[in-house]
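Residue numbering restarts at 1 for every chain, and letters A, B, ... go by the order of the sequence lines.
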Protein chains: 2
Amino acid sequence: MDMRSTLDAPDKPMNPTKLAIMDAAEQSILKHGYKAMSFRDLAAQVGIKSASVHYHFPTKADLLQALLVRHQSTLEAAMKPPKKKRQAAQKALNQFIECYRDITISRGSMALSAVLLAEHSLLDAQSKEQLNDLYQWQCDWLATIVSYLHKAEVPTDSDRQYASQIMASLHGASILAKATQDADIFDQVTQPWRTLVDRI
Amino acid sequence: MDMRSTLDAPDKPMNPTKLAIMDAAEQSILKHGYKAMSFRDLAAQVGIKSASVHYHFPTKADLLQALLVRHQSTLEAAMKPPKKKRQAAQKALNQFIECYRDITISRGSMALSAVLLAEHSLLDAQSKEQLNDLYQWQCDWLATIVSYLHKAEVPTDSDRQYASQIMASLHGASILAKATQDADIFDQVTQPWRTLVDRI
DNA sequence: TTATGTCTATCTAAAGATAGGCATTTAATA
DNA sequence: TATTAAATGCCTATCTTTAGATAGACATAA
């Protein structure tokens, strides 16, 4: 009836229904966009009623925020602090590329962040911030990787620029692959980054 | 009361109201996405009633199709058949980049095609095709440009791959610039392509 | 007098959200 | 331990808003 907050304790195992709702929501957003994602759809997907979805996530904004927080956590967990060794850094970069590749190929979608960005004006203020952070975190992480690739400790402006180019390339590759329905394009576009260590 | 089709004669000057509706629609999609773009909003923007919008465009799909056709025409008109001279080809490429830059910077949005792609499942079949063609045309055009940059006549696979990388870079640059609210990023990311002729 | 463009009025469906009821499980306490 | 209180999770029902779409009237211009 009343929940203090949509935030879950960091470690407490999450209610399975709540988890199912979030999974369905993420799928739905990737497929149809944020505006088209509806509580009734999610409810049907999960096998409950829309009122029950509201029980777990009072508003659509709450649900989105939970999704973004989880997304960030997942990313941070997957992208452990990169090693400073050049080869390890390249490996970490490849793993990052793999994240985008996975969404693009197996789910046939552009990145969640890009989909949400397309509907940026519809998002609540907090989600906008979280989305912002998400991009910032990835750019920073990539810049660090790039700096490690040439044995530096702290990213230079040039490293940051490189990081932006990689990010752009990944998002663009995802878009192109989806637009042309040709998954190979993703690999063609991103291939240079997979061997960056040899050229930097 | 009844219109044979939403298609306009290629040369006949378009009804100013119809034009205003299309402009408003394009703006709205760029800002809020396709699903959130509503006839009532457009009507208010233009200063008419929503029923009048339906007079010009019976359905939302009709309106979208008209937008996509116009978009393609505009692009084709702006990107005249490129010259085979290397410098001219680079100039044409720069002009292409400028198109994306303009949307990104002055309108603060990602490309129309990318926004629509994010909501791809909501589009009618014909719009999907038009969207597809739009990407295909741009990739082909770019591939031709790239081939001209090294004095070839017909694009090789490598040229096509290069073209994909440029396209991806442009879309990604647009996304990054919007996400970080830093217009400079667009130029940073796309700068390499502006002097491609010197390195190819 | 016909086509054009707009209007008012209205229908219908979808969607976010809330109120309040009803079990079931969990925790507290006599 | 048995009983009670409270929290959990889901339900039905309903409200309200938004939005796509249509019918039919009305004015004006070709």
Side-chain angles (χ1 to χ4, degrees), chain A residues 1-9 12-25 28-29 31-67 119 121-127, chain B residues 1-9 12-25 28-29 31-67 119 121-127:
Chain A
M1 212 170 207
D2 162 63
M3 299 190 80
R4 339 231 152 289
S5 153
T6 310
L7 283 169
D8 291 280
K12 197 182 45 170
M14 195 180 305
N15 178 315
T17 302
K18 196 166 182 176
L19 221 154
I21 293 171
M22 289 176 69
D23 291 341
S28 180
I29 293 177
K31 195 164 188 181
H32 312 296
Y34 175 69
K35 172 87 177 184
M37 180 264 285
S38 85
F39 275 36
R40 281 179 175 79
D41 259 13
L42 301 186
Q45 212 79 30
V46 173
I48 55 178
K49 296 296 174 181
S50 82
S52 303
V53 179
H54 280 282
Y55 169 75
H56 292 285
F57 303 98
T59 71
K60 217 174 160 181
D62 290 316
L63 173 51
L64 178 59
Q65 281 159 30
L67 278 184
E119 298 175 282
S121 75
L122 309 181
L123 311 185
D124 63 292
Q126 201 175 330
S127 293
Chain B
M1 212 174 208
D2 162 61
M3 299 190 78
R4 337 231 155 287
S5 153
T6 311
L7 285 168
D8 290 281
K12 196 182 48 172
M14 196 180 305
N15 178 315
T17 302
K18 196 166 182 176
L19 221 154
I21 293 171
M22 290 176 68
D23 291 342
S28 180
I29 293 177
K31 195 165 188 181
H32 311 297
Y34 175 68
K35 173 86 176 182
M37 179 264 286
S38 85
F39 275 35
R40 281 179 175 79
D41 261 12
L42 301 185
Q45 212 79 30
V46 173
I48 56 179
K49 296 297 174 179
S50 82
S52 302
V53 179
H54 279 281
Y55 169 76
H56 293 285
F57 303 98
T59 72
K60 217 176 160 181
D62 290 318
L63 173 52
L64 178 59
Q65 282 160 30
L67 278 183
E119 297 175 283
S121 76
L122 309 181
L123 311 185
D124 63 292
Q126 200 175 330
S127 293

Listing, residues 31-47 of chain B side-chain donor-acceptor contacts under 3.5 Å, not counting sequence neighbours, or none:
{"residue": "B/His32", "atom": "ND1", "partner": "A/Ser121", "partner atom": "OG", "Å": "2.5"}
{"residue": "B/Ser38", "atom": "OG", "partner": "B/Asp41", "partner atom": "N", "Å": "3.1"}

In whole angstrom, give the distance that lies between atom [atom1] of [X] and atom [atom2] of [N].
X	N	atom1	atom2	result
A/Phe57	D/dC10	CZ	P	11 Å
A/Asp124	C/dA17	CG	C1'	16 Å
A/Asp62	C/dA17	CG	P	8 Å
A/Asn15	D/dG9	CG	C1'	8 Å
A/His56	D/dC11	NE2	P	9 Å

Please tell me which of the listed nucleotides, [options], lies nearest to the side chain of [X]?
X	options	result
A/Ala51	D/dC10, D/dT12, C/dT6	D/dT12
A/Thr59	D/dT8, C/dG5, C/dA17	C/dA17
B/Tyr55	C/dC7, C/dT4, C/dA17	C/dT4

Taken in chain and number order and not counting sequence neighbours, the residues that satisfy salt bridge (charged side-chain N to carboxylate O under 4.0 Å, His left out) with A/Asp124 are none
Phosphate OP1/OP2 of C/dG16 contacted by A/Lys60 side-chain N/O (<4.0 Å): yes
Counting only side-chain N and O atoms of B/Ser50, is one of them less than 4.0 Å from OP1 or OP2 of D/dG20? no
Any residue in residues 36-46 of chain A with a heavy atom nearer than 4.0 angstrom to DNA chain D? Just list them by number, or reply none. none
Testing the basics here: between A/Met22 and A/Leu67, what is the closest heavy-atom pair and its distance to 0.1 Å? O-CD2, 3.4 Å
Of all the heavy-atom pairs spanning B/Ser127 and B/Gln65, show the shortest one and how long it is. OG-CG, 3.4 Å
